[in-house]
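The structure appears below as structure tokens.
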Amino acid sequence: MKKLLVLAIILRLLVSAFYFHPDIKTYNFQASFFKKGVFNIYSYLIDNKKSLPLKDEFVYLPLTYFVLGGYQTIASPILGSGFDSWLANAGSNSAVRDPYIFKYLLILKLPYLILDILAAFLLMKFFDGEKEKKKAFMIWLFNPFTIVLIYVFGNIDVIPVFLTLVAFLLFKKDKLLAGSLVLGLASGFKMYPILFTPFLFLIGKDLKEKISLVSIPLVVLGFILLPFASQAFVQSALLSGLTTRIFSPGLPIGFNETIIVGLAAMAFLFFQEMQFKNKSNPLKLWASILLAIFAFSHFHIQWLLWIAPFIVILIVRYSKFSWLVFTMACLAFAIPLLYEDRFMTVSLLRIYSTWYDLLPTPFVVIERFYDPYALQGVLHSILAAGSLVFIWGILKKREI
Amino acid sequence: MKKLIWATTLFVLFLIFVLPGLMALLIDFVPAEDQPPYRVDEKVSVYGKIIISQEFVSQEKNLSAIGISLGNPNLKNKKMISLNLYDAQDKLLRESNLNGQNFEDGDFVKFFFPTIADSKGKNYRFTISSPEAGPEEVIYVFYTPQAPSWMGHMVVENQIFDGATPFVTFHKPESRLSIVNKMYSRFLPFLR
């Protein structure tokens, strides 16, 4: 097992160093202001937009800023003196040609590696049998999907994903209030874990506990967000495309009224659990909520990491779903790769050479003989159907 | 589980060592240099009889295309945009046309033409025009004072600008393998 762990780490280090998505540079540039004593990054970036080399707003929640900024402060002796000027370099070609880019990427992705490996150990705690523990550990470490999500796209989602996993482990161990608290903390990095809050009402044993469970994450998130309450924060983080996209798809029913598909799916899950189940399984519910969202919304590839550890637990438990899950994972990966965004595909290789920018994206290639949006629709429809089957399959299983 | 470990290990090795080479085989033309940086407010209008002219010395052989950033505000220009390439004796060598409806405001547009094999070190001049466009269908050509010396001056209606339009020349590589070599040469110095 130790040898396999070493192999898993080596594979991750290789991908970390050789694949670069510009988002990691952008949000680390923003987090670098923490070292300079900036507290409210949202208003700082908007107020200083004209003079800053990178104009993007900070779209994550405050804990992301503090944790990344804090990590940069600790790691700055290793990162070296050229790091800040690399972050601030707006020249997309000269930034990837920087001879220290490998070092920067390895160091910036190191916290992700630590959380990723810890998640593998955490997953083992969801099982009692040694065989199942080992299976969960191996599937997490040796599935290509999470390696690509974490180390190619290099986004921060692994932090809230890890905390969400901790929260659900606490729920499993019947430490509901502690789990609820950790879920609130996870929401302080990215908003999505707060989607589970209404469902905490279902797992509380009595009304007092139910109300406490629902309140805790909201209060924790409120405390995190309150110091930043401003127009700049609302505009940058709360109303950013990624935050609102979850609930954007709707079915018009006339007279300007719309059924919000994601919300309707969540409400359906809530009511069916409340009506037909004596005891709810938080983990199955969470996986179902996320699958319903992915099934019916235009998702960012990074979102797929949110569900990954929970899917591992479910397929270890119900191995007959393995091929369905594998097919769905391939589809879920294929859809964002067809977006009209070269940093989803060809330009991820820019560390090797900026010449890859000359290649057409899969979107452009497909456009020559078929409508790429239609193809996305076809794949997404199949994914939606597979997701519904999976949700139905896991929810009908009685064991918790 | 062994199959999964093998498959993922091979997948990662493929991503790192094989995929860049395979993708490199798909590259048809390579740029001589990067596009010089420019500001979007430093621009000149092109329409009707207004033509921009730009001199340069080709840095590589097999000159095959010229890429340039063009402004097409509100996508109003749907007329022909022409690039004419002349040699040092002002003889028209190549002509390449695009329609304004094929690009959006600020797009980097490539004008392809039949390859000029012995282009390295030779002087050329290209012009950009949109003769059928009226003042409402203007396209913008940017200019920058930060251009390298091999890019000569930009000239518009006999006015010589302090700088050049930020363009890129593209060249047909000698072979596909030479591109693959180039891709790995950053990590394997003996390939340089």
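Chain letters run A, B, ... following the sequence lines, proteins first, then strands; residues in each count from 1. Computation of the quantities below employed the complete heavy-atom set of this structure, encompassing side-chain atoms and omitting hydrogens, waters and symmetry-equivalent molecules.
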Applying a strict 4.5 Å limit to non-hydrogen atoms, the region of Ile139(A) in contact with chain B is both
| task | Please check if the side chain of Arg176(B) supplies one atom and the backbone of Leu25(B) the other of a donor-acceptor pair under 3.5 Å. | result | yes
For residues 327-350 of chain A against chain B, heavy atoms under 4.5 Å, the residues are Val346(A), Leu349(A)
So, the part of Pro37(B) with a heavy atom under 4.5 Å from chain A: the answer is neither
Are side-chain N/O atoms of Thr127(B) and Ser53(B) paired as donor and acceptor at under 3.5 Å?
no
Turns out that what part of Leu14(A) lies under 4.5 Å from chain B's heavy atoms comes down to both
*asked:* Could you check whether atom CZ of Arg39(B) has more than 12 heavy atoms from other residues, nucleotides or ligands sitting under 6.0 Å from it?
replied: no
Whatever's closer than 4.5 Å to a heavy atom in chain B on Ile147(A) counts as side chain
So, the part of Lys134(A) with a heavy atom under 4.5 Å from chain B: the answer is neither
If one checks every heavy atom of Arg97(A) against chain B at 4.5 Å, the contacting part turns out to be both
Between Met80(B) and Ser130(B), the two heavy atoms sitting closest are O-OG, 3.0 Å
Report task. Assess whether atom NZ of Lys125(A) is packed by more than 12 heavy atoms of other residues, nucleotides or ligands within 6.0 Å. Result -> no
Cut-off 4.5 Å, heavy atoms of chain A, and the answer for Ala7(B) is neither
Tell me whether the rings of Tyr352(A) and Tyr184(B) are parallel (<30°), tilted (30 to 60°) or perpendicular (>60°). perpendicular
Ranked by heavy-atom pairs below 4.5 Å to chain A, first place among Asp28(B), Ile16(B), Ile179(B), Val12(B) goes to Ile16(B)
Would a 4.5 Å heavy-atom cut-off, applied to side chains only, mark Ile50(B) and Val156(B) as touching? yes
- Message: Between Phe167(B) and Phe56(B), is the ring centroid distance below 6.0 Å?
- Response: yes
If one checks every heavy atom of Pro99(A) against chain B at 4.5 Å, the contacting part turns out to be backbone
Turns out that what part of Tyr151(A) lies under 4.5 Å from chain B's heavy atoms comes down to neither
Bottom line for Ile351(A): the part with an atom under 4.5 Å from chain B's heavy atoms is both
Q) Can you say whether the rings of Tyr373(A) and Phe363(A) are parallel (under 30°), tilted (30 to 60°) or perpendicular (over 60°)? A) perpendicular
So, the part of Met1(B) with a heavy atom under 4.5 Å from chain A: the answer is side chain
Kindly say whether the aromatic ring centers of Tyr104(A) and Trp86(A) come within a distance under 6.0 Å. yes
When the 4.5 angstrom heavy-atom criterion is applied to Phe108(B) and chain A, the contacting part is neither
Any side-chain donor near an acceptor of the partner, Tyr140(B) and Asp105(B), under 3.5 Å:
no
Check your understanding: Does the ring centre of Tyr143(B) sit less than 6.0 Å away from the ring centre of Tyr38(B)?
Key -> no
